[in-house]
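Naming convention: chains lettered A, B, ... in sequence-line order (proteins, then strands); numbering from 1 in each chain.
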Amino acid sequence: MAIHLYDSLERKLKELQPAQPDGVFRFYNCGPTVYAPAHIGNFRTFVINDVLRRLLELEFGKDKVKHVRNLTDVDDRTIGQTQVEKRPLGEITEKWTDLFHADCAALNCLRPHHEPAATGYIKEQVNMIEVLMQKGHAYRAADGSVYFKVSSFADYGRLSRVKERELLVTDATADSDHKNSVSDFALWKAYKPEEDGDVKWPGPRGAAEGRPGWHIECSAMSKALLGDTIDLHTGGEDLEFPHHENEIAQSECCNGVPFSRHWYHSKHLLVDGTTMSKSRGNYYTLGDLTAKGYSAMAVRYALLMGHPRKQLNFTLNSLHAATEALEELALRRQALIQDLKADPSVPPSSRFNGALDALRNDLNVPAALGAIFSQFNQMKPSLGYSREQASADIAALDRVLLVLGVDLPAVLQHLADESAPTEAPTEITALADKRWAAKQAKDFAGADALRKELTAAGWAMLDGKNGYRLERLKG
RNA sequence: GGCGCGGUAGCCAAGUGGUAAGGCCGAGCUCUGCAAAAGCUCUAUUCGGCGGUUCGAUUCCGCCCCGCGCCUCCA
């Protein structure tokens, strides 16, 4: 079964295949703007793209996928942050890039093969703008900025059906600076000393010094790293318009060939049934969640619980469900291996092919998870489940979990860290010792009374054969 | 106003023209003095409402109600 993915441009499921004769699948995923910590909504998109990349690698081979994801390190927001923090742009973007990478690693996202930063490709962007100006698709405005002339590209609006829209004229659009038309968008922004600090580069021929507009970076970096026509371009639903619409216009007018053969947009994450916002108090970063004791792997799993093309409602409740589901999987896989002496390094069975096919079918992750559990629930060391079967089945499980990027050892590690004996205060250990003694003396009434005291004090006493463990009660 | 999406058990969430995956929560049982752990089992006659098409619709069509997202620099 081949991989089929919904194409936002043609609005139908299409098979994914590399176009180039080298058989390498080229895909570009719009990355973060590094001016603040990324939130879990951002990560839903990146995790989905990570699963897609892993699936492509399974399908075409590990060395047959080229994944590029950019870092937007110069734009209104990053520059705005230099004013807030009173630090140079580079320091700020480096700081947030580092955190982004740490979060990605914790979420078990593979590093893209290339992660170009916009400031590293100024020359390529300037070149592209110059070509667009030469071809009459762009013009210099009075202040030295350069704008793309939307009316020069007949196909404009095909992706987002923008022509069918009534553009809402906001202050931002009405304040068209020096644009000839509200639809035109900036390719190059002339330097404004009062806003831009020392952020500026020499501009395209005939333009003022300044900085690139947002959209051009993806066009230029995609061209530089993947070529004029790529196999797939992805991003969050919000990027469909104007960002991707503008990218198509720039790239196709510059290169004269189709920009991307396939477009894919994942839907946004909702939190508590509505869009995330700081004022609503439903805005989470990965750090916010891990600080509450949840594992990053559980967050990844929770972000994968819904279909990528449907808004997913994330709640602390669903994160708890994710945590429990993952632990169940990890613990039972481990128990199977131990009980049956299974060896997962054998060739995989076909047991989880249904889950894999669900992924190949438009990245239906929730269906895949359902298939995983219903199959996994049948892997019981009861009647006739042999070591050989278990080995091959677990190998198959591991393969599909690898595609999902679900790292079970990390789950077990988190579990171990969590239940590591926490230092109990001496009065608690004294109570526990007393209870243990009472129990040994078969004074069960006394033991129960002491357990109650411990519970009231917030501690659970877990009896073993030869001793006990104390665990802090949650909540 | 425009574009688009969705309403499936307490929560999250797949799905199909032929009669509802899965996870969480909850319940019962077994097993251990108790507790925990583990094991077993159960948990939507029903898919927002009303019509229509059909032998048959949650799945197709129409209308209505409700919710959500996006609409020039937010993944």
Side-chain angles (χ1 to χ4, degrees), chain A residues 11 29-33 38-49 69 72 75-77 150 160-170 172-173 176 179 182-186 189 213-215 234-243 245-246 265-270 273-277 301-302 305-307 309-326 328-329 331-332 335 354-355 358 364-377 380 382 435 439 442-445 447-449 451-452 454-455 460-465 468-469 471:
Chain A
R11 296 180 193 103
N29 169 19
C30 281
T33 300
H39 55 67
I40 56 169
N42 296 313
F43 283 116
R44 159 131 122 134
T45 298
F46 300 132
V47 166
I48 287 166
N49 276 273
R69 185 182 63 208
T72 297
D75 78 324
D76 288 358
R77 289 177 298 162
V150 165
S160 61
R161 303 184 193 180
V162 77
K163 280 177 180 164
E164 297 168 21
R165 297 181 184 214
E166 253 179 48
L167 277 180
L168 199 77
V169 178
T170 63
T173 52
S176 56
K179 289 195 260 188
V182 281
S183 299
D184 292 350
F185 57 90
K189 294 187 155 192
W214 175 38
H215 315 295
T234 67
E237 57 172 326
D238 55 306
L239 298 184
E240 204 163 345
F241 182 84
H243 188 51
E245 197 70 71
N246 293 352
H265 296 92
S266 45
K267 295 287 187 180
H268 278 180
L269 185 75
L270 263 32
T274 186
T275 189
M276 236 185 303
S277 81
Y301 190 101
M305 290 202 307
H307 191 112
R309 283 201 302 112
K310 208 174 145 184
Q311 287 167 346
L312 169 67
N313 188 21
F314 177 95
T315 63
L316 251 25
N317 231 319
S318 62
L319 184 52
H320 176 256
T323 303
E324 294 299 319
L326 268 182
E328 181 75 4
L329 221 42
L331 256 15
R332 281 178 49 201
N364 193 337
V365 187
L369 293 175
I372 286 171
F373 273 93
S374 49
Q375 286 303 127
F376 190 62
N377 288 339
K380 291 181 176 166
S382 49
R435 182 180 162 274
K439 181 183 166 177
K442 307 239 184 247
D443 170 17
F444 295 130
D448 287 352
R451 176 184 287 290
K452 268 190 185 153
L454 282 164
T455 307
M461 184 165 168
L462 308 175
D463 294 357
K465 261 207 166 72
Y468 63 86
R469 250 175 12 167
E471 236 174 56

Sugar-phosphate only, base, or nothing, as touched by [X] at under 4.0 Å among non-hydrogen atoms:
{"X": "A:Arg435", "result": "base"}
{"X": "A:Thr323", "result": "nothing"}
{"X": "A:Gly213", "result": "nothing"}
{"X": "A:Gly41", "result": "base"}
{"X": "A:Leu462", "result": "base"}
{"X": "A:Arg77", "result": "sugar-phosphate"}
{"X": "A:Thr33", "result": "sugar-phosphate"}

Tell me: [atom1] of [X] to [atom2] of [N], nearest whole Å?
{"X": "A:Lys267", "N": "B:C3", "atom1": "NZ", "atom2": "P", "result": "15 Å"}
{"X": "A:Phe185", "N": "B:U72", "atom1": "CZ", "atom2": "C1'", "result": "10 Å"}
{"X": "A:Gln311", "N": "B:G6", "atom1": "CD", "atom2": "P", "result": "10 Å"}
{"X": "A:His243", "N": "B:A75", "atom1": "NE2", "atom2": "P", "result": "9 Å"}
{"X": "A:Arg309", "N": "B:A14", "atom1": "CZ", "atom2": "P", "result": "11 Å"}
{"X": "A:Glu240", "N": "B:G2", "atom1": "CD", "atom2": "C1'", "result": "15 Å"}
{"X": "A:Asp463", "N": "B:A38", "atom1": "CG", "atom2": "P", "result": "16 Å"}
{"X": "A:Met461", "N": "B:A35", "atom1": "CE", "atom2": "C1'", "result": "10 Å"}

[atom1] atom, [N] versus [M]: distance in rounded Å?
{"N": "B:G23", "M": "B:U45", "atom1": "C1'", "result": "24 Å"}
{"N": "B:G67", "M": "B:U8", "atom1": "C1'", "result": "15 Å"}
{"N": "B:U46", "M": "B:G33", "atom1": "C1'", "result": "45 Å"}
{"N": "B:A20", "M": "B:C31", "atom1": "C1'", "result": "34 Å"}
{"N": "B:C3", "M": "B:C64", "atom1": "P", "result": "16 Å"}
{"N": "B:C61", "M": "B:A38", "atom1": "P", "result": "46 Å"}
{"N": "B:C68", "M": "B:G62", "atom1": "P", "result": "24 Å"}
{"N": "B:A14", "M": "B:G7", "atom1": "C1'", "result": "15 Å"}

Does the [X] side chain pair with the main chain of [Y], one donor and one acceptor, at a distance under 3.5 Å?
{"X": "A:Asn29", "Y": "A:Arg69", "result": "no"}
{"X": "A:Lys179", "Y": "A:Asp184", "result": "yes"}
{"X": "A:Glu237", "Y": "A:His268", "result": "yes"}

Using the ring of each side chain (for Trp, its six-membered ring), is A:His215 parallel, tilted or perpendicular to A:His243, with breaks at 30° and 60°? tilted
Is [X] close enough to [N] that one of its side-chain N or O atoms is under 4.0 Å from OP1 or OP2 there?
{"X": "A:Lys310", "N": "B:C68", "answer": "no"}
{"X": "A:Thr455", "N": "B:A35", "answer": "no"}
{"X": "A:Asn364", "N": "B:G15", "answer": "yes"}

Heavy-atom pair with the smallest gap, counting every atom of A:Arg451 and A:Met461: NH1-O, 3.0 Å
Tell me the closest heavy-atom pair linking A:Ala325 and A:Phe373, and the distance in Å. O-CZ, 3.6 Å
Regarding [N], can its base be found pairing with the side chain of [X] as donor and acceptor, where the two atoms are less than 3.5 Å apart?
{"X": "A:Arg451", "N": "B:A35", "value": "yes"}
{"X": "A:Asn313", "N": "B:C11", "value": "no"}
{"X": "A:Asp448", "N": "B:G33", "value": "yes"}

Only counting residues at least two apart or in another chain, list the ones meeting side chain to side chain contact (heavy atoms under 4.5 Å, CB included) with A:Ala367. A:Ala358, A:Asn364
Mind checking side chain to side chain contact (heavy atoms under 4.5 Å, CB included) for A:Asp443 and listing every partner two or more places apart, or none if nothing turns up? A:Ala438, A:Ala445
Here's a test of your reading of the structure: between A:Leu331 and A:Leu269, which maps to the more 5' nucleotide of RNA chain B? A:Leu331
Is a donor from one side chain sitting under 3.5 angstrom from an acceptor on the other, for A:Glu240 and A:Ser160? no
From the list [options], which nucleotide is the closest neighbour of the side chain of [X]?
{"X": "A:Phe241", "options": "B:U72, B:C12, B:C40", "value": "B:U72"}
{"X": "A:Leu312", "options": "B:C40, B:A13, B:G69", "value": "B:A13"}
{"X": "A:Lys380", "options": "B:C40, B:G33, B:C5", "value": "B:C40"}

Find out whether the Lys NZ or Arg CZ of A:Arg44 is both under 6.0 angstrom from the six-membered ring centre of A:Phe314 and within 45° of the ring's axis. no
Would you say whether A:His307 stacks on B:A13? The test is a distance between ring centres of less than 5.5 Å and an angle between planes of less than 30°. no
Residues forming a side-chain hydrogen bond (donor to acceptor under 3.5 Å, both in side chains) with A:Lys267, sequence neighbours excluded: none
Under the side-chain hydrogen bond (donor to acceptor under 3.5 Å, both in side chains) test, residues paired with A:Thr45 that sit two or more places apart: none
B/S/- along nucleotides 18-27 of chain B (protein heavy atoms under 4.0 Å) is ---BSSSS--
Pull out every stem in RNA chain B, meaning runs of 3 or more consecutive Watson-Crick or G-U wobble pairs with both distances under 3.5 Å. B:1-7 with B:65-71, B:10-12 with B:22-24, B:26-30 with B:38-42, B:48-52 with B:60-64
